[in-house]
Amino acid sequence: MKRILNGLKREYPTAKCELAYRTPFELLVATILSAQCTDVRVNLVTPALFGRFPTAHDLASADPREVEELIRSTGFFRNKTRNLIGMARALVEDHDGEVPSEMEALRVLPGVGRKTANVVLGNAFGKNEGITVDTHVARLSGLLGLTTHNTPDKIEQDLMRLVPRADWTLVSHLLIWHGRRVCIARRPRCAHCVLRTICPSAFSAAPRTAARHR
DNA sequence: ATCCCGAGGG
DNA sequence: CCCTCTGGAT
């Protein structure tokens with residue numbers, strides 16, 4: 001695991017959050033939108049969304065139909081709209097319209113789960129509350145020791161035990177970047193992967209289909 | 001047909 | 001643990 005992380009660090013020295021945002025509020029909204037949707041598509045809709053609803057106060061009084069139209073292409077748009085407006089109202093009522101920097105306060109907001117809270121705490125507030133790993137990690141399962149009995153939750157716990165707390169947010173981004181750029185679903189670029197020599201699922205020749213790990 | 005930086009509910 | 005919610009890219 002140590003060797004894997006060192007390899008990834010060398011490959012992505014500037015890994016960071018790829019969601020576009022300027023304020024904690026914008027990051028919170030963008031992260032909620034990123035559920036089952038790529039960061040690229042989120043970044044396509046957020047400029048118009050943030051232009052129309054720059055703060056929690058603006059979103060709290062928004063017309064749901066207008067929000068739905070703006071975020072439709074990110075999928076799950078009815079759930080997301082309900083959560084976004086409910087979240088904005090909670091921010092206005094309980095936090096003067098600001099995004100709280102505490103895990104417990106974030107988690108009770110509508111639509112904010114463990115992963116969303118971690119992204120906001122790590123990237124907007126510089127806190128390392130935990131390592132959250134995305135669905136890409138299933139493709140690194142062979143490397144990370146992910147099995148039926150060794151779930152993503154277990155992997156995250158192992159990573160937190162191995163990595164200094166100061167690097168938790170960085171490690172989340174390293175794994176995400178690798179998933180986005182190299183270990184791509186159904187078309188992994190194994191020939192360009194720094195983990196090629198130690199990955200049990202890697203193709204030695206140019207791959208045509210994705211590696212299956214389970 | 002399968003996947004995407006998920007959350008909420010049963 | 002399971003299921004549902006959604007559109008777009010590949």
Side-chain angles (χ1 to χ4, degrees), chain A residues 8 12 14-21 24 26-46 48-49 64-65 67-88 90 103-124 128-141 144 146-156 159-160 168-189 201 207-214:
Chain A
L8 292 178
Y12 315 111
T14 60
K16 60 173 176 19
C17 183
E18 294 191 281
L19 293 168
Y21 67 96
E26 290 188 353
L27 177 59
L28 177 56
V29 171
T31 308
I32 288 175
L33 291 182
S34 73
Q36 289 299 296
C37 168
T38 61
D39 50 359
V40 176
R41 265 186 293 136
V42 171
N43 291 340
L44 247 33
V45 308
T46 44
L49 184 67
R65 288 167 298 184
V67 176
E68 284 184 3
E69 283 316 305
L70 285 168
I71 70 170
R72 175 177 292 276
S73 65
T74 67
F76 295 159
F77 62 92
R78 273 184 280 265
N79 283 342
K80 286 175 179 176
T81 295
R82 200 185 318 123
N83 287 147
L84 284 177
I85 294 177
M87 178 271 294
M103 175 63 88
E104 312 81 63
L106 281 168
R107 285 300 306 275
V108 298
L109 296 170
V112 179
R114 198 173 55 91
K115 296 194 178 185
T116 301
N118 251 308
V119 171
V120 171
L121 288 170
N123 295 285
N128 290 285
E129 295 286 322
I131 291 178
T132 44
V133 126
D134 69 350
T135 55
H136 295 309
V137 172
R139 268 176 275 118
L140 297 174
S141 55
L144 297 171
L146 183 69
T147 69
T148 338
H149 300 295
N150 203 0
T151 62
D153 284 353
K154 179 80 162 51
I155 296 298
E156 291 176 358
L159 286 169
M160 285 188 272
W168 284 2
T169 300
L170 171 65
V171 166
S172 298
H173 288 306
L174 288 175
L175 293 171
I176 289 165
W177 275 47
H178 190 254
R180 280 266 76 199
R181 290 151 188 254
V182 177
C183 203
I184 301 163
R186 285 175 295 178
R187 198 176 173 280
R189 301 169 58 194
S201 318
R208 306 191 65 85
T209 55
R212 293 303 302 169
H213 305 267
R214 280 187 289 187

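As the structure is a computational prediction, the values presented were derived from the model and not from experiment. Quick note on labels: first sequence line is chain A, next is B, and so on, each numbered from 1.
- Taking atom CG of residue A:Asn118 and atom C1' of nucleotide B:dG6, one finds them 13 Å apart after rounding to whole Å.
- Taking all atoms of both residues into account, the shortest heavy-atom contact from A:Ser34 to A:Leu19 is CB-CD2, 4.4 Å.
- Whole-Å rounding puts the A:Asn79 CG to C:dT4 P distance at 13 Å.
- Taking both residues in full, the closest heavy atoms of A:Val42 and A:Cys37 are given as CG2-SG, 3.9 Å, listed atom of the first, atom of the second, then distance.
- For A:Glu18 against A:Asn43, the heavy-atom pair with the smallest separation is O-ND2, 2.9 Å.
- For A:Ala185, whose side chain is taken as the heavy atoms from C-beta onward, the closest listed nucleotide among B:dC3, B:dC5, C:dG7 is B:dC3.
- Annotation: B:dC5 and C:dC3 have their P atoms spaced 23 Å apart (nearest Å).
- A sub-4.0 Å separation between OP1 or OP2 of C:dG8 and a side-chain N or O of A:Thr38 is absent.
- Here the shortest heavy-atom pairing between A:Met87 and A:Leu28 reads SD-CD2, 3.4 Å.
- The phosphate of B:dC4 has OP1 or OP2 within less than 4.0 Å of a side-chain N or O from A:Thr135.
- Test A:Leu121, A:Thr116, A:Asn118 against A:Leu106 for side-chain contact (heavy atoms from CB on, under 4.5 Å) and you get one pass: A:Leu121.
- For A:Arg41 against B:dC4, a side-chain-to-base donor-acceptor contact under 3.5 Å is present.
- The nucleotide whose nearest atom lies closest to any side-chain atom of A:Ser73 is, among C:dA9, C:dG8, B:dC5, C:dG8.
- Rounded to whole Å, atom C1' of C:dG8 lies 15 Å from atom CG of A:Asn43.
- Taking only side-chain nitrogens and oxygens, A:Arg72 comes nearer than 4.0 Å to OP1 or OP2 of C:dG7.
- Per the geometry, CD belonging to A:Gln36 stands 6 Å off C1' belonging to B:dC4, to the nearest Å.
- Rounded to an integer number of Å, the gap from NZ of A:Lys80 to C1' of C:dT6 is 8 Å.
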Could you pull out the protein-nucleic contacts involving nucleotides 8-10 of chain B (nitrogen or oxygen on both sides, under 3.5 Å)?
from, atom 1, to, atom 2, distance (Å)
B:dG8, OP1, A:Gly111, N, 2.9

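- The interatomic distance linking A:Ile71 (CD1) with C:dG8 (P) rounds to 12 Å, in whole Å.
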With side-chain contact (heavy atoms from CB on, under 4.5 Å) as the criterion, how do A:Leu70 and A:Val45 come out once you've worked through the C-alpha distance, each side chain's angles and the decisive distance to 0.1 Å? CA-CA 7 Å; A:Leu70 285 168; A:Val45 308; over 6 Å; no
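- When the side-chain nitrogen and oxygen atoms of A:Arg114 are compared with OP1 and OP2 of B:dA7, none of them lie within a distance under 4.0 Å.
- We find that the ring of A:Phe76 and the base of C:dG7 do not stack by the test of centres under 5.5 angstrom and planes tilted less than 30°.
- Atom CD1 of A:Ile184 is separated from atom P of B:dC5 by 11 Å (rounded to the nearest Å).
- Spacing of C1' atoms, B:dC4 relative to C:dC1, comes out at 23 Å, to the nearest Å.
- Remark: A:Glu69 pairs with A:Arg72 by the salt bridge (Lys or Arg N to Asp or Glu O under 4.0 Å) rule, at least two apart or across chains.
- One can place NE2 of A:His178 at 16 Å from C1' of B:dC5, the figure rounded to the nearest angstrom.
- Between A:Asn123 and A:Thr169 there is a side-chain heavy-atom pair separated by less than 4.5 Å.
- If you check every strand for non-hydrogen atoms under 4.0 Å, A:Thr31 touches nothing.
- The side chain of A:Ser34 lies closest to B:dC5 when the candidates are C:dG7, B:dC5, B:dA1.
- Side-chain proximity of A:Cys17 to the nucleotides B:dA7, C:dG7, B:dC5 is greatest for B:dC5.
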